[in-house]
Structures are given as structure tokens and as C-alpha cells.
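Worksheet: one structure, shown below.
In each ligand, atom 1 is the first atom listed, and ligand 1 is the first ligand listed.
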Amino acid sequence: MKILLISVNRERMPSPVFPLGLAYIARALKDGGHTIEVMDLCFSQNVLDDLKEATHFRPDLIGLSLRNLDNLTYPTSLSYLKEVEEVIEVCRQSSRSKLVIGGSGYSLAPKELLEHLDIDYGIVGEGEEILSSLVDSLEKKLPISPSPYLLIKKRPLPPLVSGAQVSNLSTPDRTLFNTRCYLEEGGMLNLQTKRGCPFSCIYCTYPLLEGKKVRLREVDEVIEEIRHLIQDQGTDYIYFVDDIFNYPPSFAEKLCRRIAEEKIKIRWSAFVNPVFLSEDLLKWMVEAGCAGIEFGTDSGSPRMLKNYRKSFTIEDVAQASQLCSKLNVNHCHYLLFGGPGEDEETIEETFRLMDQLDPTAVIAMLGIRIYQGTELEQISLSQGVIEKDTNLMHPSFYISPALKGRLEDIIGERALERRQWIVPGLEINITQNLMEQIRRFRVRGPLWELVGRMKRARVKPLKSEL
Ligand code: B12
Ligand code: SF4
């Protein structure tokens, strides 16, 4: 079968992100003997013309990958749905093929999106196996095998709890993509060593998307993929997209030892959970090229960590952050302000902890995006923040009633007094223009590392003219 795969994501903040999910889909379909073409819209100068040209391939099926629904940023929330609607419109005008949609953005509100976008098929969660089976049925003109993760237009929709999970993790196929653009304009390529997260933070979608059971790849395969990225794609920096890079810690250590022992020259960064970061593991990570660590810390208040059901304590955060400072590893704490129970006192505790730890950077998000199937959705319903029929494919944010109307001012004022704080929603130390200017200097890695350098050079925090 001839299949056109389209990555609709054009977001360039905080950097353009290689569509790894679609590269996995490409691998599965190619392995099934199908002919694939890819249209990645991220760097397209003229989306309509490029899409029309792509359909000259006369595909039998068009697969759309929807990574992001919106930018998760309050109060400057931006939904990408309009862009998706335009892409679908052009596909319909220039081709008669059926449309199938998948991706993390799609999987977070699948029924609503299937209806809203009027698409033929939707696949929830990991698409490799279900899409391959759908394509086989369509090609052989056989009845489509039912699956709880496959939504079909005008058919009764199955009840959904979480997304599909594949039984075997394979290797993505990046050959049909322009990886160089991502390396040059995004400063890195990406790689996945495992899927799944066993924890239950109240707002988080990751266990819904990837499941609660951690599925590990073979270390040999990951090493081979890293070598391929270096030798064939010219990569010198990667981002491990795993929900938690250092869980289980034994796997992370095994992988880092191999990278170090085989003297593979690569720099990388990843999401890290503070509770599983021992000094030994961090030393191996540094030996293996770790250049930056991102902690999903959320808060510096013990009460808020409990409310969010985090798997670690303030002491774990302090210990892990101090370890990074001791071993000179750039590290950044991601914070969420305004969750259930947040008040001025818990905010104060968080600023105090960050001042004490003095990390390379702090990234603060205001409000928490509410998603279907999370505990935060239940809390929001019970507190009347959303209604039973609120359509969560559009962004809705939870903001603690104690801070309504004041959160932006409280955080903005304090963040501006601190050099290493980045607040995307208030455009403090981050704007698209600034990021793109910096990338012109071929900077590698996440740009928060640069804020740390600015801090050392004593540059004042930047606030854009809003
Ligand atoms: C790593 C990560 C990042 C890193 C990326 C670094 C890098 N260079 O890769 C960073 C921190 C930079 C980042 C930034 C952002 N991210 Co992010 N990120 C993730 C994360 C944890 C993993 C993404 C990933 O690579 N997964 C691995 C691949 C293999 O999986 P996948 O893409 O889902 O693909 C599978 C399926 O979705 C499906 N599939 C995919 N395409 C298709 C197509 C078809 C046809 C089918 C059938 C199936 C299918 O099959 C694939 C293979 O199994 C996810 C959460 C998660 N656990 O998924 C959030 C996530 C994707 N991010 C999200 C968002 C919003 C963002 C930002 C907008 C946030 C911000 N304001 O900065 C930016 C956008 C960046 C950009 N330019 O697009 C949201 C998207 C949903 C939403 N709310 O809109 C997610 C889901 C997190 C969340 N809150 O729920 N992100
Ligand atoms: S925030 Fe991190 S630890 Fe918590 S559920 Fe999400 S991925 Fe897992």
C-alpha cells in the first residue's frame, strides 16, 4: 500500500522537536512492505503547496501525526487545532484517500478529535501494531479487526482508559526525515530507551499515554542507535525522551557504563527523578556524556508534593540538586504553580528552596492543564473548575482558588528578581525571537543551559514587551 505520513507539528518553542513517534510508525509500515513517503511540516515555508505536492504521490492512505494539542502555557495558551484543521482540509481537497490520525496530542482527547476533525480512523496510544493491522485489512479488503484503541468514524466508540502499548520496542526509521534541520535549528536529535511510568502524579498524562509498566529496550540496540545517530546523521547531542531516564536506576547505569566504556562521543540531556539519583549513577551519567539534567520537581513545598502525589520529598530534591552542583552538572528544576492547595505560603517555600539550591535554571509554569482520565480532572469537576461536558481537547487550566487573578503577579514579580528563572507564560527569559537568535550560533542542547551562562555573566533577566 502507498502511505503518506504527515507530521503536523510546527511548534519551534522551546526548539523544533524531531517527530520520533512518526519515525517509529514509518519503521513499522516499511517492515510490513508498504511504500512510505513523509511530509514533515515543521520547516515548511509554504504548507499548502508542500502538502499539495506531497499528495501527487497518490497515497492509498494518509496518516497524520498530532504531537501537541496546545502549548500548555498559561496565560498565553495557544491551541494548534486550527493548523490541524487546515492540513486536513488540504488533504481532502487534493486526495481521495482515507485519513488516519494518531500521536500523543490525538490520544489525549480521541473521541472529541475524531468527531471534530471528521477523520476516518483514530488510533489511541502507540500506533505501530494497530496501524499495521488496519493497513493490512484495508489492503486485503478484509473486515477491520476490532480494537479498543481503534476508533472508526460513525461506529460506536469503545470505552477508553489509556492508549495501546506495543509488546516489543523496535528502532525508529529516520531515513525519510530531514534530521539535519533538527540538529541545526533545534540543537539535538532524540532517542527513547524505554516506555512507561509507574507513578501517579495527579495531573500527568504520561502513564495514560505509555502505560504504568516500564518496558525497556535492549541496551545493545540503544547503543547501536546512538552510534547510527553519530555516524550516519552527524549527531553530537541527543535528548532521551523517556518519561524518567533514571528509572529503573540499574538500567540507566548499565546504559551509561556501556556508553562510557565504549568511549562513544555524545552529549545528552534527559528528565531525571531526584529520588533515584545516587552519586555513583550521576558519575556514570557524566562519564557517558550527560550535559544537562531536567528535574520534574514541581514544588518546593512538602504539602504541594503530597498534593501532587509526587514520588519524592523535598529532601530528595535538595540532595539530587546539590549532587549536580557538586559534580558540576547543569541542571534545571521544572516547577508548577497553582495546583490544588497552592497558596502564598507554599509559593514562598518553593522560592526559598530554589534560592537555597541555586540550580543552573528554573522553569516555572503557571496553572495546570487539565486532561481527561487524570485525578486532576476529578478534582476540577468536584470543585466546579470544569463541567462534565467541558471539552478538554481545548486547553483548560486548574488554578488554586486561593490565587485566582493574582498568580501571574506573584510569580512574575519574584521571578524577575532572579536571574536563572524562566517563565514561559510571562515571557520572562524566553521568547521565540530570542531562542531563534541564539540557535543561529549553532548552540547544542536545551536553551535553559544558556540562562545559566547568562547568570554567570550577570545579565539582567529579560522581559519581553508584551
Ligand atoms: C520528551 C518530551 C518533550 C521534550 C522533547 C525533546 C526532544 N528533542 O525530543 C521537550 C521538553 C523539549 C518537550 C517540549 C514540548 N512538549 Co513535550 N513531551 C515529551 C514527552 C515526554 C515524550 C515525547 C516523545 O518523544 N515520545 C516518544 C515517541 C516515540 O512517542 P509518540 O510521539 O507519542 O509516538 C507514538 C504514538 O503517539 C503514536 N503516533 C505518533 N504519531 C502517529 C501517527 C499515526 C498516524 C498513528 C496511527 C500513531 C502515531 O505512535 C508512536 C509510536 O508508538 C511527551 C509525553 C509522553 N510521554 O508522550 C511530552 C508531550 C508530547 N509534550 C507536550 C507538549 C505540550 C510540549 C510543549 C508544547 C510544551 C512547551 N510549551 O514547551 C513543547 C513542544 C515542543 C515542540 N517543538 O513540539 C504534550 C503534548 C500534548 C498536549 N498537551 O498538547 C505531551 C504529550 C506531554 C503532556 N503534557 O501530556 N517535550
Ligand atoms: S510527572 Fe513524572 S513521575 Fe509523575 S506520573 Fe508523570 S512521568 Fe511519572
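Nearest protein heavy-atom contact of atom 9 (O) of ligand 1 is N190 ND2, 2.8 Å. The single protein non-hydrogen atom nearest to atom 56 (C) of ligand 1 is E210 OE2, 3.7 Å, given as residue, atom name and distance. With hydrogens left out, the protein atom closest to atom 8 (Fe) of ligand 2 is C197 SG, 2.3 Å, a heavy atom. Given atom 7 (S) of ligand 2, the protein heavy atom at minimum distance is Y206 CD2, 3.4 Å. Of the protein's non-hydrogen atoms, the one nearest atom 6 (Fe) of ligand 2 is C204 SG, 2.3 Å.
Residue-ligand proximity: P424 is placed with every non-hydrogen atom at 4.0 Å or more from ligand 1. For the pair P207 and ligand 2, a heavy-atom separation below 4.0 Å is found. Using a non-hydrogen distance threshold of 4.0 Å, R195 registers as a contact of ligand 1. Ligand 1 has at least one atom lying under 4.0 Å from a heavy atom of Y371. G125 counts as a contact of ligand 1, since one of its heavy atoms falls under 4.0 Å from the ligand. Every heavy atom of R309 sits 4.0 Å or more from the atoms of ligand 2.
Geometrically, ligand 1 and D243 share a nitrogen or oxygen pair separated by less than 3.5 Å. Remark: ligand 1 and D70 share an N or O pair separated by less than 3.5 Å (distance only, no angle test).
In terms of modelled atom types and a separation under 3.5 Å, the side chain of W268 and the main chain of A288 share a donor-acceptor contact. D236 places no side-chain N or O within donor-acceptor distance of the main-chain N or O of I266, the cut-off being under 3.5 Å.
Between the choices M393, R67, M188, the shortest heavy-atom distance to atom 5 (C) of ligand 1 belongs to R67. Closest heavy-atom approach to atom 78 (O) of ligand 1 among the candidates N9, I363, V17: N9.
The parts of C201 lying near ligand 2 are both backbone and side chain, judged by heavy-atom distances below 4.0 Å. The proximity of Y203 to ligand 2, defined as any non-hydrogen pair under 4.0 Å, is limited to the side chain.
Near P14, meaning under 4.0 Å from one of its heavy atoms, ligand 1 places the atoms 72 (O).
Taking a distance limit of 4.0 Å, we find that atom 2 (Fe) of ligand 2 is approached by no protein heavy atom.
Between Y206 and F271, the ring planes are tilted. Angles from 30° to 60° get that label.
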